[in-house]
Asker: 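Pasting a structure here, questions to come.
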2 protein chains.
Amino acid sequence: MKKEHVEIEEIKKILTNYDVRPSFQRLKVYEYFILNRNHPTAEMIFQGLKDIIPSLSRTTIYNTLKLFTQKKLIQAIPLDSNTIRYDINHDGHAHAKCIICGEIFDIKIKADDIQHTLPDSFEIKEFDVIIRGCCKKCKK
Amino acid sequence: MKKEHVEIEEIKKILTNYDVRPSFQRLKVYEYFILNRNHPTAEMIFQGLKDIIPSLSRTTIYNTLKLFTQKKLIQAIPLDSNTIRYDINHDGHAHAKCIICGEIFDIKIKADDIQHTLPDSFEIKEFDVIIRGCCKKCKK
DNA sequence: GTATCTGCAAAACATTTGCAATTCT
DNA sequence: AGAATTGCAAATGTTTTGCAGATAC
């Protein structure tokens, strides 16, 4: 589930496409998402980057996550509640968490799949499907 | 969306069925859920009850909500993130929030409706579907 | 009379805000 | 120079914890 390497130039392009200026910190935060597909909290990102960027502050992580969210580079996923988790923009997929091992599975689901359950003329802007249960491995 | 009255004896029965001792505070918290179908936060419940129970403390609300959640009387819904909202056990339904007027709609959806999107042999214990969008009224 | 429940005060934790220093263009 | 970005320190808001007194069985 880990990528070994991503070209920094490629990340720059992505941020620029989403109208986000590619500062060093922002590049590293986005790179973190690509290298660790782990639906991180702000704190996880901070811990993962503080050795690479010793001057890094949590405020910058929070600023960056808020900006990325506004620009739709990432989305907040209300997986557990009190600490917010983030994921690279997950339009078209959702999350299932195993309550035994804690692993988070990406699942494919589209707005169309749930439109029929909604009140008349309700227009979906974004949605989350969060499933807690037990994965194959942990059922034994 | 409001009930005028519920028999206190009826609530006592419900709590007892779920293996929760029916103290006065707990009865009132559960009654709050029935009288106000508003997916409340801890603070909303506290504000709604503090006049009826002047000695009431937030700690008791938090204790009670945690206990109710463990006993499956209620469920946390990760609607927005930072403050936890609760709902009477919502197996079999989920929530759509209008981002304009803030109203929360209950929608009907069953585990079976999403089972097919999951990895092999994943067993759903509980799930949430959270939709943010625009309701009929606000689309004009 | 012992276990449970309540509620105060303080602590813990995640997140936000104000502002000064730094960096980029 | 001027605008955007960073990061420190302090504030905010929600939830948790420790503990003493009250209540229930």
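In what follows, chains carry the letters A, B, and so on, assigned in the order in which the sequence lines appear, proteins first and then strands, with residues in each chain numbered from 1.
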Asker: Using a cut-off of less than 4.0 Å, is there contact between a side-chain N or O of B/T83 and OP1 or OP2 of D/dT15?
Answerer: no
Asker: When the distance from CG of B/L27 to P of D/dT23 is rounded to whole Å, what number comes out?
Answerer: 17 Å
Asker: If you look at every strand shown and take non-hydrogen atoms under 4.0 Å, does A/T41 touch a base, only sugar-phosphate, or nothing?
Answerer: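 Counting heavy atoms under 4.0 Å across all strands, no contact is made by A/T41.
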Asker: To the nearest 0.5 Å, what is the distance between CG (B/N38) and CG (B/L35)?
Answerer: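 Going from the CG atom of B/N38 to the CG atom of B/L35 covers 10.0 Å.
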Asker: Can you label the angle between the A/F33 ring and the A/Y30 ring as parallel, tilted or perpendicular, going by 30° and 60°?
Answerer: tilted
Asker: Does NZ in B/K139 sit with more than 12 non-hydrogen atoms of other residues, nucleotides or ligands closer than 6.0 Å?
Answerer: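 Enclosed: over 12 neighbouring heavy atoms sit under 6.0 Å from NZ of B/K139.
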Asker: Report the distance from atom NZ of A/K12 to atom P of C/dC24, rounded to the nearest whole Å.
Answerer: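 Interatomic distance, NZ of A/K12 to P of C/dC24: 11 Å.
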Asker: Compare the minimum distances between each of D/dT17, C/dG7, D/dG7 and the side chain of A/L56, then state the nucleotide with the smallest one.
Answerer: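 Nearest to the side chain of A/L56 among the choices is D/dG7.
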Asker: Let me spell it out: for each of B/N63 and A/R58, pick the nucleotide of DNA chain D with the closest heavy atom. Which residue's pick is nearer the 5' end?
Answerer: A/R58
Asker: Could you state the NZ-P distance from B/K50 to C/dG7, rounded to the nearest angstrom?
Answerer: 14 Å
Asker: Can you tell me how far C1' of D/dG7 sits from CD1 of A/I45, to the nearest Å?
Answerer: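 My rounded result for the distance is 17 Å.
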Asker: In whole angstrom, give the distance that lies between atom CD of B/Q70 and atom P of C/dC5.
Answerer: 12 Å
Asker: Please state how far atom CZ in B/R26 lies from atom P in D/dA24, giving the value in whole angstrom units.
Answerer: 12 Å
Asker: In whole Å, what is the span from the CD1 atom of B/I61 to the C1' atom of D/dT14?
Answerer: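 Going from CD1 in B/I61 over to C1' in D/dT14 covers 14 Å.
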Asker: Compare side-chain N and O positions of A/T59 against OP1 and OP2 of D/dT6 and report whether any pair is under 4.0 Å apart.
Answerer: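 It does not, given that no N or O in the side chain of A/T59 lies less than 4.0 Å from OP1 or OP2 of D/dT6.
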Asker: Are B/T60 and C/dG7 close enough that a side-chain N or O sits under 4.0 Å from OP1 or OP2?
Answerer: yes
Asker: Determine: side-chain N/O of A/Y62 to OP1/OP2 of C/dT16, distance under 4.0 Å, yes or no.
Answerer: no
Asker: Nearest-Å distance, CD1 (A/I84) to P (D/dT15)?
Answerer: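 Nearest whole value for this atom pair: 12 Å.
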Asker: In terms of side-chain heavy atoms of B/S55, which of C/dG7, D/dC8, D/dT5 is nearest?
Answerer: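 Nearest listed nucleotide: C/dG7.
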Asker: Considering every strand and a 4.0 Å limit on heavy-atom distances, what is the contact class for A/Q25: base, sugar-phosphate, or nothing?
Answerer: sugar-phosphate
Asker: Between B/D106 and B/H90, do the side chains contain an N or O donor and an N or O acceptor separated by less than 3.5 Å?
Answerer: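 There is no such pair between these side chains.
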Asker: So, the side chain of A/R58 versus the backbone of A/F46: is there a donor-acceptor pair under 3.5 Å, distance only?
Answerer: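 Here the side-chain-to-backbone pair does not exist.
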Asker: Considering heavy-atom distances to DNA chain D, does B/E43 or B/R21 have its closest nucleotide positioned more toward the 5' end?
Answerer: B/E43
